[in-house]
Amino acid sequence: IIPGLSNNLYLTKACPTSCIAVSLTASSEITSGFIILFPLNKHEDISSIVGISSLVISSIDYKEKSKIVYLYTPYGHDSIRANHSKDMKKGLLGFTTTLNQVNYIKTNAKFPTLIEYNLVKTNFDLASSIKNITAITAILKVIQNIPDDANHERLFNYIIEIINGLYTN
C-alpha cells in the first residue's frame, strides 16, 4: 500500500525506465485490474502524481494571470498555484470556485503548481439560499481553523456529508 494514500492504490511494479505501475482496485485485495504507468524523475514523490480528493476553501489572485487555491483534503490543508486560472479559456474555473469538490495532481515543489484537475461536484448552486450561505460560511470558517494534527480523513468525509445534506434541507 502506498503510504499516505487511500487503501485502494497499490504499487505493483517498479519499471526499469524510472516509472511505476499502480493498480486501482475496488477492494483491499490487489487484483489484475486497471494499470497506470507514471513516469517519475528522481526528485518526484508518489503523492505528486496520484490525484488527491479535495474541497476548495478559497482562492486569491496571484500575479497577473494566476491564483493560489486553498484546499482541504483527507490529508489536511493544501495550497496550490493555478497558473493562468484567470483566463476563462483555460478551463480552470471549476478548480478555483469555492466549495467545489475536485481531484487534482500537483507538482512536488516548495510552492506546488496544478498539473491537472477533475471537477467531482460543483456546489455553486448552494449559494442561491440565504440559509445555505450562512451554513457555508460557518463550514468554511471551521475548515480554516482545523489544526494540523486533526484526523483529516474523518473530518473531510464528515464535511462532505454536511455539504451534501444542505441539498436536502
Side-chain angles (χ1 to χ4, degrees), residues 1-9 22 24 38 40 43-169:
I1 297 176
I2 300 169
L5 298 176
S6 68
N7 291 338
N8 61 348
L9 296 174
V22 176
L24 304 174
F38 296 99
L40 288 177
H43 302 293
E44 202 164 24
D45 181 323
I46 183 69
S47 64
S48 68
I49 58 169
V50 177
I52 301 170
S53 298
S54 66
L55 185 67
V56 178
I57 300 170
S58 65
S59 64
I60 59 171
D61 291 344
Y62 178 74
K63 296 194 177 179
E64 189 175 316
K65 297 181 181 181
S66 302
K67 289 189 175 206
I68 297 173
V69 182
Y70 297 96
L71 306 127
Y72 187 64
T73 76
Y75 312 106
H77 295 93
D78 202 359
S79 56
I80 298 172
R81 180 178 55 217
N83 290 333
H84 303 286
S85 56
K86 291 183 188 178
D87 184 352
M88 298 304 272
K89 296 177 187 175
K90 297 292 182 182
L92 293 174
L93 182 62
F95 187 74
T96 61
T97 303
T98 301
L99 224 60
N100 278 355
Q101 294 173 13
V102 296
N103 291 331
Y104 66 93
I105 299 172
K106 64 179 181 175
T107 61
N108 189 23
K110 286 183 181 180
F111 188 20
T113 302
L114 178 69
I115 296 173
E116 185 177 333
Y117 88 98
N118 176 39
L119 179 63
V120 175
K121 182 178 181 183
T122 181
N123 292 306
F124 184 76
D125 52 337
L126 285 176
S128 63
S129 160
I130 296 293
K131 184 174 89 174
N132 284 346
I133 290 173
T134 304
I136 290 166
T137 303
I139 290 167
L140 292 172
K141 284 185 180 188
V142 167
I143 292 171
Q144 290 171 344
N145 291 300
I146 295 173
D148 291 339
D149 61 346
N151 183 343
H152 296 291
E153 184 173 6
R154 186 173 177 196
L155 287 170
F156 178 80
N157 291 329
Y158 184 64
I159 290 166
I160 296 300
E161 280 184 39
I162 291 170
I163 291 169
N164 290 337
L166 291 175
Y167 284 101
T168 58
N169 293 331

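For the pair Asn132 and Tyr167, the minimum side-chain heavy-atom distance is 4.5 Å or more. Asn164 is listed as a side-chain neighbour of Lys121, based on a closest heavy-atom distance under 4.5 Å. Two residues are said to be in side-chain contact when any heavy atoms from C-beta on lie closer than 4.5 Å; Ile136 and Asn123 fail this criterion.
Taking all atoms of both residues into account, the shortest heavy-atom contact from Leu92 to Asn83 is CD1-O, 3.3 Å. Nearest heavy atoms, Ile57 versus Gln144: CG2-NE2, 3.6 Å. Annotation for Phe95 and Tyr104: closest pair CE1-CB, 3.7 Å, computed over non-hydrogen atoms. In terms of heavy-atom proximity, Ala82 sits nearest to Ser85 at O-OG, 3.0 Å. The minimum heavy-atom distance between Arg81 and Thr113, with the atom names listed, is NH2-OG1, 2.6 Å. The minimum heavy-atom distance between Lys86 and Lys67, with the atom names listed, is CG-CE, 4.2 Å.
Heavy atoms of other residues, nucleotides or ligands lying less than 6.0 angstrom from CG of Asp125 number more than 12. The 12-atom threshold is exceeded at CD1 of Ile60, counting heavy atoms of other residues, nucleotides or ligands nearer than 6.0 Å.
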Can you list the steps and then say if Ile139 with Leu166 is a side-chain contact (heavy atoms from CB on, under 4.5 Å)? CA-CA 11 Å; Ile139 290 167; Leu166 291 175; 4.2 Å; yes

Given Ile160 and Val120, is the side-chain contact (heavy atoms from CB on, under 4.5 Å) satisfied, shown in steps? CA-CA 12 Å; Ile160 296 300; Val120 175; over 6 Å; no

Before giving the answer on side-chain contact (heavy atoms from CB on, under 4.5 Å), spell out for Gln101 and Leu55 the whole-Å C-alpha distance, their side-chain angles and the decisive distance to 0.1 Å. CA-CA 5 Å; Gln101 294 173 13; Leu55 185 67; 3.8 Å; yes

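For Asn100 (side chain) and Val56 (main-chain N/O), no donor-acceptor pair under 3.5 Å exists by modelled atom type. Within the 3.5 Å criterion, the main-chain N or O of Thr96 finds a donor-acceptor partner in the side chain of Ser59. Of the possible polar contacts, one joining the His77 side chain to the Ile143 backbone as a donor-acceptor pair under 3.5 Å is found. With Asn157 contributing its side chain and Glu153 its backbone, the two residues share a donor-acceptor pair below 3.5 Å.
Separation of atoms CG (Leu119) and CG (Leu93) is listed at 9.5 Å; rounding is to 0.5 Å. Note that the OH atom of Tyr72 and the CD1 atom of Ile159 stand 5.5 Å from one another [nearest 0.5 Å].
Just one of Leu71, Ile68, Val69 meets the side-chain contact (heavy atoms from CB on, under 4.5 Å) condition when paired with Ser79; it is Ile68. No option in Val102, Asn103, Ile52 other than Val102 meets the side-chain contact (heavy atoms from CB on, under 4.5 Å) test with Tyr117.
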